[in-house]
Q: 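For reference, the structure I am asking about is given below.
Reminder, nothing fancy here: chain letters follow the sequence lines and each chain counts from 1.
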Amino acid sequence: MGIEPYGRRVDGIIPLAEARAKFDPASHEAYRASAEAAKENPAHPVTDDRPRVVVAGRCVQIRAMGKLVFLVLRDHSGDLQISVSKAQVDENAFKIARKLDYGDIVVAGGAMGATQKGEVCVWADRFEVHSKSLAPPPEKWHGLTDTELRYRHRYVDMYANPETIETFQLRSRIVSGVRRFMEGRGFLEVETPMMQPVAGGAAARPFVTHHNALDIDLFLRIAPELYLKRLLVGGLPRVFEINRCFRNEGVDRSHNPEFTTLEVYEAFGDMWTMLELTESMLRNLATMVAGSDNAVLPFGELQIDWSRPFERVAYGDLFRSILGFTMWDSEKVRAKAAELGRENVANRDPWLLVNEVYEECCEPHLDPARPTFVTDYPAVISPLTRPQRDNPDLCDRWELLAGGMELGTAYTELNDPDIQRARFTEQLVGADDEEQAFRTLDEDFLNALQVGMPPAGGLGVGLDRVVMLLTNRRSIRDVILFPLLKPEGD
RNA sequence: GAUCGCGUAGCUCAGUCGGCAGAGCAGCCGCCUUUUAAGCGGCAGGUCCUGGGUUCGAGUCCCAGCGCGAUCACCA
């Protein structure tokens, strides 16, 4: 047909939703009345004051009715019907419309009007295909439901399932909302190494890579913590980073090997300033998503209320209320751990057993519909946290849980280099061979603490999980554009 | 890593007791100026995930593998 199937630049395109909003019933009625009159009396002038638009989109529905073709275009803003009448476009454009395939990317221009059935549509006088789609389209009624195909061919999922593109548009607004909030509080966004010679700041297996020119192994970071604290030492009092972490561990509905975190450090703050900040930020985001101050958002079967103050409970209080004895009662803790099937309970650190009992027995009792701060964690499981002055078994740390997931953790940072070195060393003693391979002592970080780090509050939040909760997506893969899958075998 | 479930046309899915491989949509052809997942009529479309085994005969039963999902484990 002598046409360029892959298009060219087009100016003046507006989103489909914007075009739809331009529809004006009065001018459309006036046009129809004058067209009717002209039919009976050819001398009657046809007046057409309907708004004119130029739009583009991917074709998702086609109904060809002889000399009239109805099609529905879809873009990031929504769907809009285009009506192509043989009488209103040139011969070639009509032939193109007749030969249209699902998935073609189309430009149409014309008057915003409506059909006899009242469907708002563009009555095209311009019609062009700017990209042919050669791949067969997904089924139009059921859509693309195969989860594997949705993740592997996200670009198809995005146009076949509008809620997918909506989720990622919302994710973008949430992340930029986090950024605005943090900047509004006077925090400076920074970027610290993703490739680290020592993988520190969390207890997780890292990915290993290799730098050829330097001939050294590097680890993809499991946390930015130790670098952000160096910035406190260097004199930046309020910093945050939004970036990827990588953990070489299992994959499930709430874990992807690469994930996005917000980490925050505030000089002269503590776990409580971080708690206030986190609660304000999440309430802020939920209000934005809900579009009202009454921020109750659905998450599966749950209705999570983000507008009320979050629950707060001390780790030890929760422990006692559920188990009926205190966590300092190491005999009962051992007995309970043994009952839960733990091996070798006599020789293990009692606080590690406390935490295992806690995670198995207490965490499931928290109301998943209520965001909850659990405070005052055992010090043993928190080596980067400052122990409490009057009770060194505990430390100034909280975790935030909601929807049955851990959303984040914060602490009053440990800034005593001697205690920090002792903590790191204890960890290394407990490490098995595999851990020894990647968990080495970060001497430079300890050196930074010796230079002197101000007391500080620090925070880490899993942004993917925040997005899950705020957009009501049950799998982390639904909020990560390209989640990790095994390569397709052959 | 463990257990369970699933894998059939481009897509969404049926397929009975082991007996010729099916439907709808998409595609192709013809007709049609008002359709709303669907105008009307016709045609074509297969590595039944892969490899073995049992059987006269396997999409179906058995074994092994691959992929995806769910649950668990791991994840201070």
Q: Between B:rA23 and B:rC31, how far apart are the C1' atoms? Round to whole Å, please.
A: 25 Å
Q: Which heavy atom of A:Thr115 sits nearest a heavy atom of A:Cys121, and at what distance?
A: CG2-SG, 3.8 Å
Q: Which parts of residues 371-395 of chain A get close to RNA chain B, meaning a heavy atom less than 4.0 angstrom away?
A: A:Ile381, A:Pro383
Q: Give every residue pair that meets the salt bridge (charged side-chain N to carboxylate O under 4.0 Å, His left out) criterion with at least one member in residues 61-71 of chain A, sequence neighbours excluded.
A: none
Q: If only side-chain N and O atoms of A:Arg253 are considered, is one of them under 4.0 Å from the OP1 or OP2 phosphate oxygen of B:rU71?
A: yes
Q: Base, sugar-phosphate, or nothing for A:Phe70, non-hydrogen atoms under 4.0 angstrom?
A: base
Q: Taking any heavy-atom pair under 4.0 Å as a contact, classify A:Arg474: base, sugar-phosphate, or nothing.
A: nothing
Q: For a quick check of understanding: with a heavy-atom distance under 4.0 Å over all strands, which category does A:Ala202 fall into, base, sugar-phosphate or nothing?
A: base
Q: So which pairs with a foot in residues 242-261 of chain A pass salt bridge (charged side-chain N to carboxylate O under 4.0 Å, His left out), sequence neighbours left out?
A: A:Arg244-A:Glu258
Q: Name the pairs: protein N/O against N/O of nucleotides 8-11 of chain B, kept only if under 3.5 Å.
A:
residue : atom : partner  : partner atom : Å
B:rC11  : O2'  : A:Glu139 : N            : 2.8

Q: Using a 4.0 Å heavy-atom cut-off, does A:Trp351 contact any base of the nucleic acid, only the sugar-phosphate backbone, or nothing at all?
A: nothing
Q: Is there a Watson-Crick or G-U wobble partner for B:rA70 with both distances under 3.5 Å, and which nucleotide is it?
A: B:rU3
Q: Is there a Watson-Crick or G-U wobble partner for B:rU34 with both distances under 3.5 Å, and which nucleotide is it?
A: none
Q: Applying a 4.0 Å non-hydrogen cut-off, can you work out what A:Thr115 is touching in the nucleic acid: base, sugar-phosphate, or nothing?
A: base
Q: Less than 3.5 Å apart, which donor and acceptor atoms pair up between the side chains of residues 30-37 of chain A and the rest of the protein, not counting sequence neighbours?
A:
residue : atom : partner : partner atom : Å
A:Ser34 : OG   : A:Tyr31 : O            : 3.0
A:Ser34 : OG   : A:Thr47 : N            : 3.1
A:Ser34 : OG   : A:Thr47 : O            : 3.3

Q: For B:rC20, give the paired nucleotide (Watson-Crick: N1-N3 plus N6-O4 or O6-N4; G-U: N1-O2 and O6-N3; both under 3.5 Å), or none.
A: none
Q: Scan every strand shown for a Watson-Crick or G-U wobble partner of B:rC61, both distances under 3.5 Å, and answer none if you come up empty.
A: B:rG53
Q: Please confirm whether the shortest side-chain N or O distance from A:Arg397 to OP1 or OP2 of B:rA76 is below 4.0 Å.
A: no
Q: Sequence neighbours excluded, which residues qualify as ring pair (Phe, Tyr, Trp, His ring centres under 6.0 Å) partners of A:Tyr377?
A: A:Tyr315
Q: Tell me which of A:Tyr102 and A:Glu399 sits closer to the 5' end of RNA chain B, going by the nucleotide each one is nearest to.
A: A:Tyr102
Q: Would you kindly give the CG-to-P distance between A:Asp464 and B:rC75, to the nearest whole Å?
A: 20 Å
Q: Select base, sugar-phosphate, or nothing to describe what A:Ala87 touches, counting heavy atoms under 4.0 Å on all strands.
A: base
